[in-house]
Structure formats: structure tokens, C-alpha cells
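Written below as C-alpha cells is the structure these notes are about.
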Amino acid sequence: MRLSRYFLPTLKETPAEAQIVSHRLMLRAGMIRQAAAGIYSWLPLGFRVLKRIEQIVREEQDRAGCHEMLMPTIQSADLWRESGRYEDYGKEMLRIRDRHDRDLLYGPTNEELITDIFRFYVKSYRELPQILYHIQWKFRDEIRPRFGVMRGREFLMKDAYSFDFDYAGSKHSYNKMFLAYLRTFDRMGLRAIPMRADTGPIGGDLSHEFIILAETGESEVFCHRDWLSLDLRRDDVDYDGDLEPVIESFTSLYAATDEKHNPATCPLSADELVTARGIEVGHIFHFGTKYSAPMNAAVAGPDGEPVHCQMGSYGIGVSRLVGAVIEASHDDAGIIWPEAVAPFKVGLINLRTGDAACDAACDDIYSRLEAAGVEVLLDDRDERAGAKFADMDLIGLPWQLVVGPRGLKSGQVELKRRSDGTREEVSIDSALSRLTGQP
RNA sequence: CGGGGCGUAGCGCAGCCUGGUAGCGCGUCUGCUUUGGGAGCAGAAGGCCCCCGGUUCGAAUCCGGGCGCCCCGACCA
């Protein structure tokens with residue numbers, strides 16, 4: 001992409017409404033634009049990141065054997081009356097009436113809808129287990145939306161729903177999602193700690209929140225200090241094997257949210273206990289028959305008798321993750337994108353647009369990177385060097401390749417790594433092989 | 001929903017108390033000079049001062065009522 005033709009409205013000053021660093025940086029980097037309280041438009045740069053995060057979530061769900069589908073944003077109130085949640089959900093649910101005076105709602109979640117679909121088609125235990133998911137916009141009319149996309153009213157969420165014949169099967173589905181979540185967040189360069197959590201109004205008896213530690217987190221959390229250095233990577237997961245031992249290795253180490261933490265019974269010494277604030281990026285629940293019973297989602301067992309399915313639901317806040325990654329990875333100059341979610345891998349800076357040698361070198365590097373499948377943003381604007389450096393640092397692409405007349409005289413360009421600021425003078429060919437991974 | 005704050009040019013703000021020509025910085029446009037970490041000079045464009053009503057000869061400014069946004073708290077799969 002050539003910056004001179006892109007839509008990247010960066011801001012030098014911070015809009016007054018932004019309080020936390022991720023919100024400030026998203027506004028300054030031209031990623032989002034507020035449309036109303038807690039409702040945002042995603043501008044091209046922000047949308048690229050959102051899509052990347054969504055794709056990682058998708059790949060890890062698929063790897064765990066889940067099946068993607070898409071349910072609508074607008075739902076009929078009737079299903080919610082059936083589960084009893086139409087009244088329970090309260091003012092947080094956005095209720096809509098159509099021209100025929102039928103009650104509709106903008107979905108805050110999808111348990112009812114998925115259960116309705118499931119019960120219509122699935123009649124035998126032999127069709128289980130099943131995990132279905134979608135990635136769809138939700139709306140919750142929060143009393144006080146805040147912190148940009150971290151707590152919006154409209155937000156993009158991945159929600160998955162598992163159906164099993166018995167508790168053992170359901171626990172296995174839960175474990176699969178537990179591990180899929182660890183992999184998902186790890187791929188984004190995040191340390192997400194699974195913490196025992198309250199199930200809240202959704203009900204159930206088993207629940208973990210995946211928490212990123214950050215000063216701007218909305219809730220207080222408690223965990224063993226070993227979590228801060230524990231290796232969370234699990235590359236060799238066999239989702240069909242026995243997952244209990246590996247789950248046990250994580251759940252045996254203390255970590256709890258505010259609701260589940262009790263100082264009186266906490267087993268940790270003051271020395272071991274870390275008290276911090278956290279951002280919830282994922283939440284998994286096992287809730288048994290809470291929806292399958294009232295909505296009569298049952299399958300025939302081996303003996304022919306109908307049994308209500310054991311269910312779980314599993315959410316990841318996709319749009320919130322964009323903010324969470326920034327909270328976890330930035331410096332005074334701007335965002336530092338982990339390569340896996342970066343909107344572009346390389347920022348190619350032409351320090352002297354209009355200079356024949358610089359233009360030619362940049363065009364050459366640009367086309368060779370594109371040919372190698374490396375996503376590159378070429379700053380070919382007629383701006384001064386300082387402005388280009390500042391904007392590139394702000395938008396935080398992992399690599400900056402700086403082409404200027406001075407270095408070009410000796411065939412050198414400067415390769416800068418955004419994460420630690422290290423730079424080196426290298427030849428164009430050497431820079432290209434570094435960035436493309438090809439000799 | 002309780003408490004607090006703010007709505008003035010694209011962004012950040014001053015002016016309001018004490019009513020009388022709507023300002024500053026950044027950004028934008030033109031030209032010239034510049035050019036390796038947010039340049040300099042000269043010129044220019046850009047405003048329903050959130051909305052409605054009231055007081056007044058006269059309202060960005062005073063009064064009343066709305067609306068919007070932000071913060072703290074409570075709330076929150």
C-alpha cells in the first residue's frame with residue numbers, strides 16, 4: 001500500500017475524550033472513529049488489525065474442531081421468553097419493535113438462537129459432540145461505556161457453543177476450548193492467564209476468565225507470581241486425547257478473579273500472591289442444562305430415552321483484543337504491534353520523495369516485497385523525515401525500512417525493529433532477505 | 001442510576017465571571033526556501049460559539065429547558 005493513496009488520518013494531538021493509552025493511540029493512529037457513546041467505525045488501519053485478530057481466533061477454533069457459522073444480529077424476543085431471559089436481561093438488552101409491532105432485540109449473546117437451531121436438527125447422541133461458533137457483532141446497552149473499544153456497547157465477539165451427551169463429554173469440550181484459548185492469545189503475543197471466575201447470570205458451575213494483566217484493567221485479579229513467567233505455549237495439543245493432565249497443570253496454579261478470590265481461604269503466602277488489574281479477553285463456561293432443559297434441546301441416548309444436552313459457551317472479545325494488545329504493547333512513541341496482528345509487516349520510508357534514486361529504490365523494494373507476499377506500507381508522501389518517522393512509530397509496524405539519499409550512495413538502507421528500536425545499516429538485498437525470509 | 005466535568009474552526013484550547021467586531025496553537029490550501037526524528041517565511045480558506053426558548057437596544061457570555069460527550073461510583077457472559 002502506498003501511503004500517499006491510503007486513508008490514514010493520523011493525529012498529532014490526542015482527542016480530549018480518550019483516557020487510556022490504547023484509546024488514545026487508536027484515535028491518533030487513525031484506526032477508529034467514534035460514532036456514538038460506545039459505538040465506533042473502524043477505519044482502514046484499524047479494520048486490518050481487527051481482521052487479523054479475527055482470523056487467528058478463527059484458525060484456532062477450527063483447529064480445535066469447531067465449526068463456523070453465522071447467526072443474525074437481530075433476534076426474535078420469543079426465543080428469549082422461552083429461556084426466561086427476556087425479562088432477566090434488563091435494560092442492557094436493546095429492544096426493537098418492527099412495523100408489525102413484533103418484539104425484536106439486537107443480540108447481546110446467542111445461547112437461545114443456537115439452542116433453537118441445535119434442537120431442530122440434532123436428535124441422537126451419535127451426532128455428538130458438536131461445537132458451533134460464529135464471529136458476530138453484539139450490542140449491550142452498557143450503563144457506562146468507556147475506554148474506547150475496550151468497553152463498547154457494540155463489539156465484535158467470537159462465541160462458541162458446545163453440545164455433549166454427558167458431563168464427561170462436556171468437560172472435554174470445555175478443556176478443548178481452554179487450550180484453544182491459550183493458543184489463540186499466545187499467537188497474538190499476549191500473556192492471558194486463565195482464572196477461576198464467577199459464572200454470573202449466565203449460570204453454570206465451571207468457568208474461567210482469560211485475563212491480560214494491565215494497569216488499566218477494569219477488575220482486580222489475584223494470581224500466583226509464577227504466572228508472570230510461566231510458559232503458556234502448547235504446540236503439541238492432541239484435542240482428541242486426554243486433556244485433563246495438561247489442564248490440571250494450568251488450573252493447579254492459583255489464579256482467581258475478584259468474585260472468586262477470598263483472602264481468608266487463599267492458599268498463597270503474601271510473597272507468592274500477585275494482586276493486579278486485568279482485562280478480560282475471553283470467558284468460558286460450562287452450564288449444563290441451563291438452556292437445553294427449558295428449551296427442550298434433547299437427544300436420544302443409547303437406550304432411546306431423551307436426555308437434555310450438556311452445554312457450554314465460550315466467548316472471545318475480538319474488538320476488545322485490539323485495545324488489549326495495544327495496552328500490552330506500546331511505548332511513548334506509539335503502538336508496537338506483535339507481528340501476528342500487525343496491519344502491515346513493513347513500513348518502507350522514502351526519506352526524500354521526489355529524489356530519483358530514492359524513488360527508484362523504494363519502488364524496487366516495494367514491488368519485491370509485494371511479490372514475496374510481505375505486506376508493506378510505503379510512505380511516499382511529500383513530508384519531512386521527522387513526520388514520517390513519527391507517524392511510522394505511532395502506527396507501530398514491526399519493521400521500518402528507511403531509504404534515504406545518504407545511505408543510498410553506498411547502497412545501504414536502514415532496517416529498524418520497532419519493538420526494541422534497534423537499527424542496522426544493511427544492503428538492500430540483505431534487508432529484503434531478512435524481511436522475506438528468502439535467501 | 002447517584003455524583004462531577006465539558007460542548008467555541010478538522011484537533012487541542014482561550015474568551016464567559018464583568019453582555020458590544022469570535023481569537024490562539026497545531027492541521028489544511030498557495031508560493032518560495034528547506035529536507036536523516038513532527039521545518040522557516042509570506043499569503044489564504046475554514047464558525048448555526050450543541051439545540052430551543054427567555055431577558056436585553058444588543059447574548060458565545062446572563063436565565064430556563066433539552067440533547068450530546070467524558071470522568072468517579074454502582075452495574076457488567
Side-chain angles (χ1 to χ4, degrees), chain A residues 9-20 23-24 27-28 30 33-39 83 85 88-93 107-112 138-148 150-153 155 157-161 197-204 206-210 216 218-219 257-259 279-287 290-291 311-317 320 332-334 349-355 358 379 381-394 400-409 412-414 416 421 423 425:
Chain A
T10 56
L11 302 174
K12 224 167 142 177
E13 287 173 287
T14 304
E17 76 266 19
Q19 298 297 314
I20 67 169
H23 192 194
R24 286 201 295 265
L27 290 169
R28 285 195 55 213
R33 159 97 181 153
Q34 182 166 337
I39 303 177
S83 72
R85 281 209 294 180
D88 293 351
Y89 223 93
K91 287 185 152 181
E92 203 176 305
M93 184 152 71
T109 176
N110 286 66
E111 279 85 1
E112 283 79 1
K138 306 292 190 290
F139 192 92
R140 293 180 193 172
D141 199 358
E142 303 277 354
I143 298 168
R144 183 150 90 88
R146 63 186 119 172
F147 301 154
M150 299 283 283
R151 188 161 205 78
R153 291 193 294 172
F155 57 97
M157 180 177 182
K158 185 283 302 180
D159 39 324
Y161 304 91
D198 199 28
T199 53
I202 204 156
L206 180 58
S207 176
H208 285 87
E209 285 183 22
F210 289 75
T216 49
E218 285 199 89
S219 54
T257 59
D258 198 25
E259 300 82 22
I279 301 166
E280 177 190 351
V281 290
H283 200 160
I284 61 178
F285 298 87
H286 167 81
F287 48 70
K290 179 179 166 74
Y291 299 95
M311 292 177 60
S313 78
Y314 314 89
I316 290 179
R320 174 180 288 181
D332 289 344
I349 298 179
N350 185 344
L351 277 184
R352 190 82 58 89
T353 300
D355 176 272
C358 286
D379 192 345
R381 297 173 302 170
D382 185 21
E383 289 286 344
R384 297 174 64 83
K388 295 187 176 190
F389 286 129
D391 269 342
M392 205 55 87
D393 283 347
L394 173 64
Q400 294 175 15
L401 191 54
V402 182
V403 177
R406 211 170 61 196
L408 220 46
K409 282 179 191 156
Q412 301 279 294
V413 292
E414 183 183 285
K416 173 179 159 183
R423 7 177 154 186
E425 296 276 331

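Heavy-atom basis, side chains included; hydrogens, waters and symmetry copies ignored. Chain naming here is simple, since letters A, B, ... match the order of the sequence lines and numbering starts at 1 in each.
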- Within the structure, does a side-chain N or O atom of Lys388(A) lie under 4.0 Å from either OP1 or OP2 of U35(B)? no

- Query: What is the pairing partner of G20(B), taking Watson-Crick or G-U wobble pairs with both distances under 3.5 Å in any strand?
  - Reply: C57(B)

- Query: Which nucleotide in the set U28(B), C75(B), G38(B) lies at the smallest distance from any side-chain heavy atom of Ile143(A)?
  - Reply: C75(B)

- Query: Between CZ of Arg406(A) and CG of Leu351(A), what distance do you get to the nearest 0.5 Å?
  - Reply: 8.5 Å

- Query: Can you check salt bridge (Lys or Arg N to Asp or Glu O under 4.0 Å) on Arg28(A) and Asp391(A), steps first, answer last?
  - Reply: CA-CA 9 Å; Arg28(A) 285 195 55 213; Asp391(A) 269 342; over 6 Å; no

- Note on the structure: Rounded to whole Å, the CD-P distance (Glu142(A) to C1(B)) equals 15 Å

- Item | Between C71(B) (P) and Met150(A) (CE): distance, integer Å | 13 Å

- Under 4.0 angstrom, heavy atoms only, what part of the nucleic acid is Ala36(A) near: base, sugar-phosphate, or nothing? sugar-phosphate

- Task: Answer yes or no: side-chain N or O of Arg423(A) and base N or O of G37(B) forming a donor-acceptor pair under 3.5 Å.
- Result: yes

- Item | Complement of G37(B), any strand, by Watson-Crick or G-U distances under 3.5 angstrom | none

- P gap between C24(B) and C71(B), integer Å: 32 Å

- Supply the atom-to-atom distance Thr14(A) OG1 to Leu27(A) CG, rounded to the nearest 0.5 angstrom. 8.5 Å

- Message: Between C6(B) and A14(B), how far apart are the two C1' atoms, rounded to whole Å?
- Response: 15 Å

- Task: Provide the distance between the two C1' atoms, one in C49(B) and one in G68(B), to the nearest whole Å.
- Result: 16 Å

- Message: Using a 4.0 Å heavy-atom cut-off to protein, can you give one letter per nucleotide of nucleotides 11-16 of chain B, 5' to 3': B if the base is in contact, S if only the sugar-phosphate is, - if neither?
- Response: BSS---

- Query: For Glu414(A) and Arg423(A), what are the C-alpha separation, side-chain angles and deciding distance, and is it a salt bridge (Lys or Arg N to Asp or Glu O under 4.0 Å)?
  - Reply: CA-CA 6 Å; Glu414(A) 183 183 285; Arg423(A) 7 177 154 186; 3.8 Å; yes

- Separation of G36(B) atom P from Glu383(A) atom CD, nearest Å, is 14 Å

- Give a yes or no on whether the backbone of Ala36(A) and the side-chain of Gln34(A) come within a donor-acceptor separation of less than 3.5 Å. yes

- Query: Quick one: Gln34(A) CD to C69(B) P, roughly how many Å, whole number?
  - Reply: 7 Å

- For C26(B), the nucleotide meeting Watson-Crick or G-U wobble distances (both under 3.5 Å) is G10(B)

- Note on the structure: By nearest-nucleotide position on RNA chain B, the 5'-leaning member of Tyr314(A) and Arg352(A) is Arg352(A)

- Message: For a quick check of understanding: with a heavy-atom distance under 4.0 Å over all strands, which category does Arg153(A) fall into, base, sugar-phosphate or nothing?
- Response: nothing

- Message: I want to confirm an ordering. Mapping Ala385(A) and His23(A) to their closest nucleotides on RNA chain B, which one lands closer to the 5' end?
- Response: Ala385(A)

- Thinking salt bridges, do Lys416(A) and Asp393(A) make one under a 4.0 Å N-O criterion? yes

- Query: Considering every strand shown, what is the Watson-Crick or G-U wobble mate of G2(B) when both distances are under 3.5 Å?
  - Reply: C72(B)

- Note on the structure: Reading nucleotides 40-49 of chain B from 5' to 3' and marking B where a protein heavy atom lies under 4.0 Å of the base, S where only the sugar-phosphate is that close, and - otherwise, the string is ----------

- Query: Does the pair Ser313(A) and Glu111(A) meet the rule for a side chain to side chain contact (heavy atoms under 4.5 Å, CB included), with working shown?
  - Reply: CA-CA 8 Å; Ser313(A) 78; Glu111(A) 279 85 1; 3.3 Å; yes

- Ignoring backbone atoms, establish whether Arg384(A) has a side-chain N or O less than 4.0 Å from OP1 or OP2 of A39(B). yes

- Item | Inter-nucleotide C1' distance (G54(B), A44(B)), Å rounded | 40 Å

- Message: Can you measure Asp393(A) atom CG to G36(B) atom C1' for me and round it to whole angstrom units?
- Response: 13 Å

- Donor-acceptor contact below 3.5 Å, side chain Ser207(A) vs main chain Ile284(A): yes

- Mind checking the C1' distance from G37(B) to C75(B)? Whole angstroms is fine. 46 Å

- Base G73(B) to side chain Arg146(A), donor-acceptor N/O within 3.5 Å cut-off: no

- Message: Does G27(B) have its OP1 or OP2 closer than 4.0 Å to a side-chain nitrogen or oxygen of Lys12(A)?
- Response: yes

- Message: Working note: Thr353(A) + Arg381(A), criterion side chain to side chain contact (heavy atoms under 4.5 Å, CB included); need CA distance, chi angles, decisive distance, verdict.
- Response: CA-CA 7 Å; Thr353(A) 300; Arg381(A) 297 173 302 170; 5.9 Å; no

- Message: Parallel, tilted or perpendicular, judged at 30° and 60°: which one describes the rings of Phe285(A) and Phe287(A)?
- Response: tilted

- Determine the Euclidean distance between corresponding C1' atoms of U61(B) and U55(B); express it in Å to zero decimal places. 13 Å

- Task: May I ask you to verify if any side-chain N or O of Arg144(A) is less than 4.0 angstrom from the OP1 or OP2 atom of C72(B)?
- Result: yes

- Query: Can you check the Ile349(A) CD1 to U35(B) P distance for me, whole Å?
  - Reply: 19 Å

- Lys91(A) NZ to A74(B) P, in whole Å, measures 19 Å

- Query: Can you tell me if the side-chain N/O atoms of Gln19(A) get under 4.0 Å from OP1 or OP2 in C72(B)?
  - Reply: no

- What is the distance, rounded to the nearest whole Å, between atom CG of Asp382(A) and atom P of G27(B)? 15 Å

- Message: Return the CG to CZ distance between Leu11(A) and Arg24(A), rounded to the nearest 0.5 Å.
- Response: 13.5 Å

- Query: How far, in whole Å, is G36(B) from C41(B) if one measures between their C1' atoms?
  - Reply: 23 Å

- Item | Base paired to C48(B) (Watson-Crick or G-U; both N/O distances under 3.5 angstrom) | none

- Message: In whole Å, measure the gap between the P atoms of G47(B) and U8(B) for me.
- Response: 15 Å

- Kindly say whether Lys158(A) contributes a backbone atom to a donor-acceptor pair with the side chain of Tyr314(A) at under 3.5 angstrom? no

